[in-house]
Chemist: 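Below is one structure. I have some questions about it.
Every value quoted in this text rests on a predicted model; they were computed, and no experiment measured them. First the proteins, then the strands, lettered A, B, ... as listed; each starts at 1.
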Amino acid sequence: MGAARVIYWFRTDLRLHDSPALHAALELKPEVLYPVWTWDPHYVYHARVSSNRWRYLLDCQADVDKRIKKLTGSNGLLVLRGNPLNVLKQALQDWKITHLVFEQDTDTYALSRDTQVRAMAEKLGVKVVSKLGRTLWDPIELNKVHGGKPVMTLAAVQKLGSQIGPVPRPIEAPTSLPSAGDTKLEAPKDEIQDAPDLNEPARGDGRVTSYDQVAGPNGDYSVPTMEEINIKPAEGPYRGGETLALEALEAYMADKKKTATFEKPKTNPGVFHPPETTLLSPHLHFGSLSIRTFYWRVMDVCKAYGSGASKPPASLEGQLLFRDMYFAAQCGIDNFEQTLGNAHCRYIPWRLLQEPDEEAEAWLEAWTHGRTGFPWIDAIMRQLRRDGWIHHLARHSVACFLTRGHCYIAWEKGAQVFEELLIDHETACNVGNWQWLSCTAFFSQYYRVYSPVAFGKKWDKSGALIREFVPELKNVPDKYIYEPWLMSKVDMKAAGCILGQDYPKRIFDEKEQAKVALAGMKEAYDAKLYGDSPQIGKTKSPESPVKSGKKRGQQSLDGFAKKAKIEPAEEHEANEA
DNA sequence: CTGCAGGTTGACAAC
DNA sequence: GGTTGTCAACCTGCA
């Protein structure tokens, strides 16, 4: 039996430190190791991604590329442009690969993609190895030991997690890597499906050239540039990559008291550049920081600190446990990313869930672009758009406002905006948190409503966040900064801000609208319907959105993925012939 | 079955 | 200005 020839497929794990999958690849003692990223058109066209997040991804790739080059002394990351099923099939054959190794990914699209890739590889006689590395515990196993029910409470994560066993300690980054062999590839002619192009808002004017060649414009599989992928320049201040991730972790952990006594609800959503929280979530998303490295650094600091350390759910450990909870819920619930067909999501007849509604469309548009006339809400939404990151409680505040608190608009609409704009967007966490805030799952105390005026004021009396992100209100006195509609004509003139001209009038009276929304929530709770209740289908038009493929797909979140058609390899061969 | 405690992070008024 | 009770009352998990 010859030596192993390995493709290491990077996806959710753009790092070299504590990578169980990479470790498994190296344990095969391969004679050649091809570190591959597949530039998947699904993400380029069928997922919402802002310029900020595209740049963050490229940052992570560039950093891993540099690290790999250092260890191999030759090649870096090989970015193969094309549908992973097709390019990997070609690479497995042309490079005489014996093992395909990657980190387990339980996202909806990823599960279906990996199932197909696995089948394709095994058919070619290639061994497929996948390892857990993205969560503290295996989300599938968490649900299994929960009796097959999806894990949806933090207490359950703690209990079942400790039953499964302690989180493994992180493993060191390799000190050397085998080089890749010959990288010549008989590039398959990929049919790139670019419709629907959900990334259109981030794209520049030029043509997408990413898929002209499988090896990229220089023929060397180099990490793409923003120009090459034709994405507009990113405006935000936050950059990605393993090097920055590890530095940021150490910088935060250096303050032992802050780390050990961390309580999320006590961190200030009005503080920015830098925020009071760790800002490590985007690194977790791209895998440029290992979750286990983060977890054990926190646990060790807390242990050394002693009895004064904070505890879950508010503590840093608690934040990481929530993440595991959402991953478990996502892979344990059918149609997790939407209301319809989701047995664990309360059915609420949200505006814009199914029926057109001009007023609600206008409110959604105003919310999306920070033009609601509520300075606190608008500041957060503009911060989200410019920087790609907002504080957790700020997310709560604007999510509550759009859904159960005031606008009574379907949570999926808001989740789509977050999906596009957040640099730390994680489908499981984003969808889960939107369900939480909209009181459709996880949480149900709908009478606790965040005020668009009082909540911000509590943290930030003089409105620094508003003055930064809503400059038209810069000179409004503190007294009116959260409620500019209280200004007289004279006040407006003095502040250089005429309402309805320089800054919008509020879209509604928030106290009145909160009453309307609360009454709606009460009625919806009394009805006790869930996303899979048969009554829902019956009350709607016969052209039920649950069944109709294309239109629904365009509207849904990552769940679109599972409906996106990935051509079986055989069909492609037939097409090419 | 019932009852009850607890639930990451509310708002507001009254003291 | 910081603490406390009320608002109107949800869910899950466990005894």
Chemist: Could you check whether A:R297 pairs with A:E250 (Lys NZ or Arg NE/NH1/NH2 to Asp/Glu carboxylate O, under 4.0 Å)?
Modeler: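 Between A:E250 and A:R297 there is a salt bridge, with a charged N closer than 4.0 Å to a carboxylate O.
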Chemist: Rounding to an integer number of Å, can you tell me how far A:K149 NZ sits from C:dC14 P?
Modeler: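 So the two atoms are 9 Å apart, to the nearest Å.
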Chemist: Mind checking A:A314 for me? I need base, sugar-phosphate or nothing, with any heavy atom below 4.0 Å counting as a touch.
Modeler: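 Touches a base.
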Chemist: When you measure from the side chain of A:Y525, which nucleotide among B:dT9, C:dC11, B:dG10 comes out closest?
Modeler: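 Of B:dT9, C:dC11, B:dG10, C:dC11 is nearest to the side chain of A:Y525.
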Chemist: Applying a 4.0 Å non-hydrogen cut-off, can you work out what A:W436 is touching in the nucleic acid: base, sugar-phosphate, or nothing?
Modeler: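 The residue A:W436 makes base contact.
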Chemist: Quick one: does A:N342's side chain have a donor or acceptor within less than 3.5 Å of a partner on A:I333's backbone?
Modeler: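 Pair absent, no side-chain N/O of A:N342 close to backbone of A:I333.
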Chemist: C:dA9 phosphate, OP1 or OP2: any side-chain N/O from A:K522 under 4.0 angstrom?
Modeler: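 Indeed, a polar side-chain atom of A:K522 lies that close.
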Chemist: Under the rule for side-chain hydrogen bond (donor to acceptor under 3.5 Å, both in side chains), what residues qualify as partners of A:R382, not counting sequence neighbours?
Modeler: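 If we apply the side-chain hydrogen bond (donor to acceptor under 3.5 Å, both in side chains) test to A:R382, skipping adjacent residues, the hits are A:E472.
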Chemist: Any luck finding a side-chain donor-acceptor pair between A:H391 and A:T267 under 3.5 Å?
Modeler: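 A:H391 vs A:T267: donor-acceptor pair found between side chains.
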Chemist: Measure from the side chain of A:P265, starting at C-beta and using heavy atoms only, and say which of C:dG13, B:dT8, B:dA11 lies closest.
Modeler: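 Selected nucleotide (nearest to the side chain): B:dT8.
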Chemist: My validator wants the stems of DNA chain C: runs of 3 or more consecutive Watson-Crick or G-U pairs, both distances under 3.5 Å, written as range with range.
Modeler: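 Looking at DNA chain C, the stems formed by three or more consecutive pairs are B:2-7 with C:10-15, B:10-15 with C:2-7.
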Chemist: Is the NZ or CZ atom of A:K258 both under 6.0 Å from the centre of the six-membered ring of A:Y252 and within 45° of that ring's axis?
Modeler: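 A:K258 over A:Y252 ring: yes.
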Chemist: Check A:R134 with A:D105, please: is the shortest side-chain N to carboxylate O separation under 4.0 Å?
Modeler: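 Salt bridge: yes.
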Chemist: Just compare C:dG13, B:dC12, B:dT9 and give me whichever is closest to any side-chain atom of A:K511.
Modeler: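 Among the listed nucleotides, the one closest to the side chain of A:K511 is B:dC12.
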Chemist: Using atom C1' of each nucleotide, how far apart are B:dA5 and C:dA9 to the nearest Å?
Modeler: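 B:dA5 and C:dA9 have their C1' atoms separated by 15 Å.
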Chemist: Mark yes or no for a side-chain to base donor-acceptor pair under 3.5 Å between A:Y447 and C:dA8, with no hydrogen or angle criteria applied.
Modeler: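 Counting by modelled atom types and ignoring angles, no donor-acceptor contact under 3.5 Å is found here.
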Chemist: Looking at B:dT8 and A:F322: do their rings stack (centroid distance under 5.5 Å, interplanar angle under 30°)?
Modeler: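 Yes, the aromatic ring of A:F322 stacks with the base.
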Chemist: Salt bridge or not between A:R351 and A:E359? Use side-chain N to carboxylate O under 4.0 Å.
Modeler: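 Salt bridge between A:R351 and A:E359, a charged N being under 4.0 Å from a carboxylate O: yes.
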Chemist: Could you measure between the two C1' atoms, the one in C:dC14 and the one in B:dC1, and give it in whole Å?
Modeler: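 After rounding to an integer number of Å, I get 14 Å for this pair.
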Chemist: Output yes when at least one side-chain N/O atom of A:R404 is less than 4.0 Å from OP1 or OP2 of C:dC10, else no.
Modeler: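 Looking at the OP1 and OP2 atoms of C:dC10, neither is under 4.0 Å from any side-chain N or O of A:R404.
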Chemist: Strictly below 4.0 Å: does A:R448 bring a side-chain N or O up to OP1 or OP2 of C:dA8?
Modeler: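 Indeed not, no polar side-chain atom of A:R448 lies that close.
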Chemist: Looking only at atom P, what distance separates C:dA8 and B:dG7, rounded to whole Å?
Modeler: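 Approximately 24 Å lies between the P atom of C:dA8 and that of B:dG7.
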Chemist: Please pick, from B:dC12, C:dC10, B:dT9, the nucleotide with the shortest atom-to-atom distance to any side-chain atom of A:Q445.
Modeler: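 Out of B:dC12, C:dC10, B:dT9, the nucleotide with an atom closest to A:Q445's side chain is C:dC10.
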Chemist: By the 4.0 Å heavy-atom rule, please label A:Q319 as base, sugar-phosphate, or nothing.
Modeler: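 Base, at least one base heavy atom under 4.0 Å.
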Chemist: Within the 4.0 Å heavy-atom criterion, would you say A:K159 contacts the bases, only the backbone, or no part of the nucleic acid?
Modeler: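 Sugar-phosphate, no base atom in range.
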Chemist: Report yes if a side-chain nitrogen or oxygen of A:K458 is closer than 4.0 Å to either non-bridging phosphate oxygen (OP1 or OP2) of B:dA11; otherwise report no.
Modeler: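 Yes.
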Chemist: Do the side chains of A:E512 and A:K515 get close enough for a salt bridge, i.e. N-O under 4.0 angstrom?
Modeler: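 Yes.
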Chemist: Side chain of A:S451: nearest nucleotide among B:dC12, C:dC10, C:dG13?
Modeler: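 The answer is B:dC12.
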